[in-house]
Amino acid sequence: MPEHIIQIDQNLLETRLDRLIAEKMTQILNAMLDAEADEIANAARYERNGERKAYRAGHYERSLTAKAGRLELKVPKLKGAVFESAVIERYRRREQSVEESLIDMYLAGVSTRQVDDISQLPWGDRMPSQTLSDKLKKVYDEIDEWRTRPLESEYPYVFVDGVWHKRSWGGSVENVSVLVAIGINAEGHREVIGVAEGMKEDSASWEQFVRSMIERGLKGVRLVVGDRCAGLVSTVGSMLPKAKYQRCMVHFMRNVLSKTPPTHREWASAALKAIFAMESRESALSKAEQVATEMESRKLRGAANCLREGIGETTTYLLPEFPDGHRRRIRTNNMIERLNREIRRRTRVVGGFPDGNSALMLVCARIRYVTANEWSTRRYLDMSRLDDTLQAAN
């Protein structure tokens with residue numbers, strides 16, 4: 001065992017290294033600025049040259065926030081020429097990578113005020129919330145271009161839903177909906193194909209939403225999965241006549257159980273699960289009628305009526321044209337519900353929005369952030385089974 005063990009203060013070492021890097025970066029950038037000034041003036045400082053185009057007139061100090069920290073630079077001033085640097089963009093106070101990092105923080109779920117506070121920790125400089133909002137306008141232009149992009153693939157399965165949020169409208173705060181559509185393309189990958197403000201999630205909103213996707217190239221839709229929203233079923237029937245509608249099984253079960261007293265809820269839940277465990281649509285419908293009859297005998301007339309009313313559109317996934325391997329994933333809207341939870345987690349930080357566009361842009365930004373990983377690159381369904389099933393049916 002050595003008598004003396006060298007102990008290193010990690011925090012002190014990192015602090016000194018950061019300071020050393022910042023000093024070296026400052027020296028390098030100042031040298032580059034001086035070299036640019038010499039090139040513009042066509043002569044070095046104090047050099048006697050008949051071809052000189054400008055003269056040095058001192059410098060002014062300017063701070064630049066970079067990954068290495070806050071740098072204090074000396075920007076040359078010239079007489080007889082305008083000094084324009086290619087090293088540092090005019091009026092820029094932060095390195096591009098720093099601004100991108102702060103914007104990523106915001107899109108990941110950090111509020112503008114928190115970004116302002118957090119930015120002091122790694123870089124020692126604040127980014128005011130108004131400055132961040134101005135920077136986000138450029139990001140929003142890219143997001144809007146993504147939101148209205150052409151749809152080139154076929155999407156046999158489309159999942160739709162609306163996420164509610166608060167916004168200011170006419171001096172008051174109202175609840176409005178942002179409509180979201182996820183498509184499973186011909187290769188079996190998931191893709192967000194539509195995001196739009198739906199106001200009250202009524203029939204007109206759904207028609208406008210579906211029409212905008214059709215105009216962008218939506219085609220090949222065989223099944224639309226969603227909750228029984230007002231106007232959605234009729235919109236699918238009129239605007240996507242070749243597509244069938246699947247009502248979300250989970251939402252449907254909740255609707256039936258909401259009409260069931262607590263004393264019967266455990267039995268009713270097990271009975272509903274037994275219906276959706278059937279392997280064919282005919283057996284599921286037959287089982288549903290048995291359960292509805294039993295509900296009536298237990299004086300659960302409201303639950304029985306709800307079951308009879310919605311069981312047909314909730315068992316669309318059992319039709320022979322849809323393969324067995326797809327059924328568990330196309331009978332519910334769980335996939336889009338999980339995405340909506342990520343959206344709500346982000347919008348809850350903001351609270352109320354000043355207008356619909358700001359809410360829509362933030363929702364789109366959050367969607368892109370969440371889906372920019374294996375969510376969209378991993379194959380969700382084997383779509384070759386769908387073609388085999390269709391050929392067998394024909």
To the closest 0.5 Å, what do you measure between [atom1] ([X]) and [atom2] ([Y])?
X      : Y      : atom1 : atom2 : value
Ile184 : Arg222 : CD1   : CZ    : 13.5 Å
Met213 : Leu179 : CE    : CG    : 9.0 Å
Ser238 : Arg211 : OG    : CZ    : 8.5 Å
Leu339 : Phe159 : CG    : CZ    : 12.5 Å
Cys248 : Ile336 : SG    : CD1   : 10.5 Å
Arg368 : Trp146 : CZ    : CH2   : 6.5 Å

Validation row: [X], [Y] side chains within 4.5 angstrom (heavy atoms):
X      : Y      : answer
Val160 : Val180 : no
Lys244 : Glu321 : yes
Val370 : Trp375 : no
Lys259 : Cys306 : yes
Leu319 : Arg281 : yes
Met239 : Ile214 : yes

Test log, rule side-chain contact (heavy atoms from CB on, under 4.5 Å), inputs Glu289 and Leu307: CA-CA 8 Å; Glu289 181 58 34; Leu307 177 58; over 6 Å; no
Please check if atom [atom1] in [X] has more than 12 non-hydrogen atoms from other residues, nucleotides or ligands closer than 6.0 Å.
X      : atom1 : answer
Arg52  : CZ    : yes
Arg327 : CZ    : yes
Lys219 : NZ    : yes

Sequence neighbours excluded, every pair satisfying salt bridge (Lys or Arg N to Asp or Glu O under 4.0 Å) that has a member inside residues 177-190: none
Lys/Arg-Asp/Glu bridge criterion (N-O < 4.0 Å) met for [X], [Y]:
X      : Y      : answer
Glu313 : Arg228 : yes
Arg149 : Glu191 : yes
Arg308 : Glu296 : yes

Where is the tightest heavy-atom contact between [X] and [Y], given as atom of each residue plus distance?
X      : Y      : result
Pro261 : Leu300 : CD-CD2, 3.3 Å
Phe252 : Phe276 : CD2-CZ, 3.8 Å
Met295 : Ala268 : CE-CB, 4.4 Å
Leu257 : Arg265 : O-NE, 3.5 Å
Ser376 : Thr371 : OG-O, 3.1 Å
Ile182 : Met335 : CG2-CE, 3.8 Å

Residue pair Val225, Thr332: steps toward the side-chain contact (heavy atoms from CB on, under 4.5 Å) verdict: CA-CA 7 Å; Val225 185; Thr332 71; over 6 Å; no
Joint cluster assignment, Leu285 & Met278, ILVMFWY side-chain distance < 4.5 Å: no
Between Ser283 and Ser286, a side-chain donor and acceptor under 3.5 Å: no
Distance-only side-chain donor-acceptor flag, Asp227 / Asn333, under 3.5 Å: no
Chi angles and distances behind the side-chain contact (heavy atoms from CB on, under 4.5 Å) call for His251, Glu337: CA-CA 11 Å; His251 285 86; Glu337 282 291 331; 3.5 Å; yes
Within 45° cone and under 6.0 Å: Arg298 NZ/CZ vs Trp267 ring: yes
Cation-aromatic face contact Arg329/Tyr380, 6.0 Å, 45 degrees: yes
side-chain contact (heavy atoms from CB on, under 4.5 Å) between Glu266 and Ser269, worked out: CA-CA 5 Å; Glu266 183 177 354; Ser269 178; 5.9 Å; no
Test of ring centre spacing under 6.0 Å for Tyr157 and His326: yes
